[in-house]
Amino acid sequence: MTQERPFDLLNRSVGQQVLIRLKNNMSVRGKVTSFDAHMNLVLENAEELEDGELKTKLGTILLRGGNIIFVSPV
Amino acid sequence: MTQERPFDLLNRSVGQQVLIRLKNNMSVRGKVTSFDAHMNLVLENAEELEDGELKTKLGTILLRGGNIIFVSPV
Amino acid sequence: MTQERPFDLLNRSVGQQVLIRLKNNMSVRGKVTSFDAHMNLVLENAEELEDGELKTKLGTILLRGGNIIFVSPV
Amino acid sequence: MTQERPFDLLNRSVGQQVLIRLKNNMSVRGKVTSFDAHMNLVLENAEELEDGELKTKLGTILLRGGNIIFVSPV
Amino acid sequence: MTQERPFDLLNRSVGQQVLIRLKNNMSVRGKVTSFDAHMNLVLENAEELEDGELKTKLGTILLRGGNIIFVSPV
Amino acid sequence: MTQERPFDLLNRSVGQQVLIRLKNNMSVRGKVTSFDAHMNLVLENAEELEDGELKTKLGTILLRGGNIIFVSPV
Amino acid sequence: MTQERPFDLLNRSVGQQVLIRLKNNMSVRGKVTSFDAHMNLVLENAEELEDGELKTKLGTILLRGGNIIFVSPV
């Protein structure tokens, strides 16, 4: 194990924009307002993207962590 | 971890309309009446949507949390 | 968490007809006689439906909860 | 919770014929000789069915519970 | 629960030939030399079958239990 | 069990480039900055590869371990 | 349970060549240097095979156990 832990990245992402790739090939972008140990996340002003372009405005969403491939600070 | 937690969003959604995206590509809209730690939810006046349009009226449903991608207050 | 819990809906459904949507796109209708914490259910006079029409009479079935998307009182 | 529990149906099925629908769309029929808490089952004179017709005689099988959609006494 | 348990079948299968159906539609035949509580199995002289015919000789294999649909003594 | 453990490889990979194959057929390359017991990993300067060629620059990502097939030091 | 246990095969495979079949139909060959209770394995000089022929040299890999169908000493 390392001193730095993966969830530290989520912690630093609170209040920041992230891009999230999901298992069903959806991509979602939004501002993290909270997360938990299952990687469940609340995003504000979330947007569904397709080929990097805005597809649907989703508003505030509670995203289940089990659907996530990766989370990336924008 | 943050002070605010993802499930706080569900707590504030009780008695409110939410839109839920499921893993099988279904979307469901309805009023939350209860939820638990597995994100199992009871929705009243639930409706199945297709391309944002009403497809089927489902009435009251107990939805298993494991099928959820995201929950969004409407 | 709320006072009312999702499994209360199952409790009130014992002896009642429910419609169940499964992950494999099957729909099943029947009278609940028992359930457990995994959402395993016994249904009496269960029927498999296709497009809302009776496809097969299944009789009494023990349905594994893990296959369920939602349960709806009829 | 109810007094009667779903696994009571399995208990009463020992020594009886059951029909089992599996997640891979297989159906299996046979006489239950034992089961456990994971719904693992041993069936005697098990037969694989296709469209309700005998496809293959399987003899005695230990079936993993995780593959089951439902179990139905015949 | 019954006196006899499903894993008793595995216990009696040690040193015997079994036929195993897997979730990916593979069938494997071989002699059981050991198993554990996850239904992980070691088979000797294992053979992959296709339509009941020998496809590939696999030799000794450690098979993960999670892939199994059923195990049948030959 | 062996003295050397698989996670020792991750430990030695901190600060190093790795190539990761994911279940959805994506390949990702980047420098490991942290990991945890679920094989969740943070990668810096991560790149999505297709047929070994750069497809998309991802920047810093938190990758969920459950998506991984293998991790390979480059 | 048996005296001999399935993981004993892995233990004897340390320092030896194994062939591994994965759920995504990949086959991997390499020398085991370590493993753990989840069947996570480190392989040296790992090679991806297609129809038994070398497709890609992978070098050293940490393979997640959950992807494995079977492991076979070569």
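First the proteins, then the strands, lettered A, B, ... as listed; each starts at 1.
Among pairs with a residue in residues 7-17 of chain E, those fulfilling salt bridge (Lys or Arg N to Asp or Glu O under 4.0 Å) read E4(E)-R12(E), at least two apart in sequence or across chains.
When all heavy atoms are compared, the tightest approach of F7(D) to D36(D) is CE2-O, 3.4 Å.
Using a 4.5 Å cut-off between non-hydrogen atoms, the part of residues 16-27 of chain D that approaches chain E consists of L22(D), N24(D), M26(D). Below 4.5 Å, heavy atoms of chain E meet heavy atoms from E48(D), all part of residues 43-51 of chain D.
Applying side chain to side chain contact (heavy atoms under 4.5 Å, CB included) to L41(D) and the options V14(D), L62(D), L10(D), I61(D) leaves one that passes, L10(D).
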N/O donor to acceptor pairs below 3.5 angstrom from side-chain atoms of residues 63-74 of chain E, sequence neighbours left out:
unit_1, atom_1, unit_2, atom_2, d
R64(E), NE, G65(G), O, 3.3
R64(E), NH1, H38(G), O, 3.2
R64(E), NH1, G65(G), O, 3.2
N67(E), ND2, R64(E), O, 3.1
N67(E), ND2, I68(G), O, 3.2
S72(E), OG, L58(D), O, 3.0
S72(E), OG, T60(D), O, 2.8

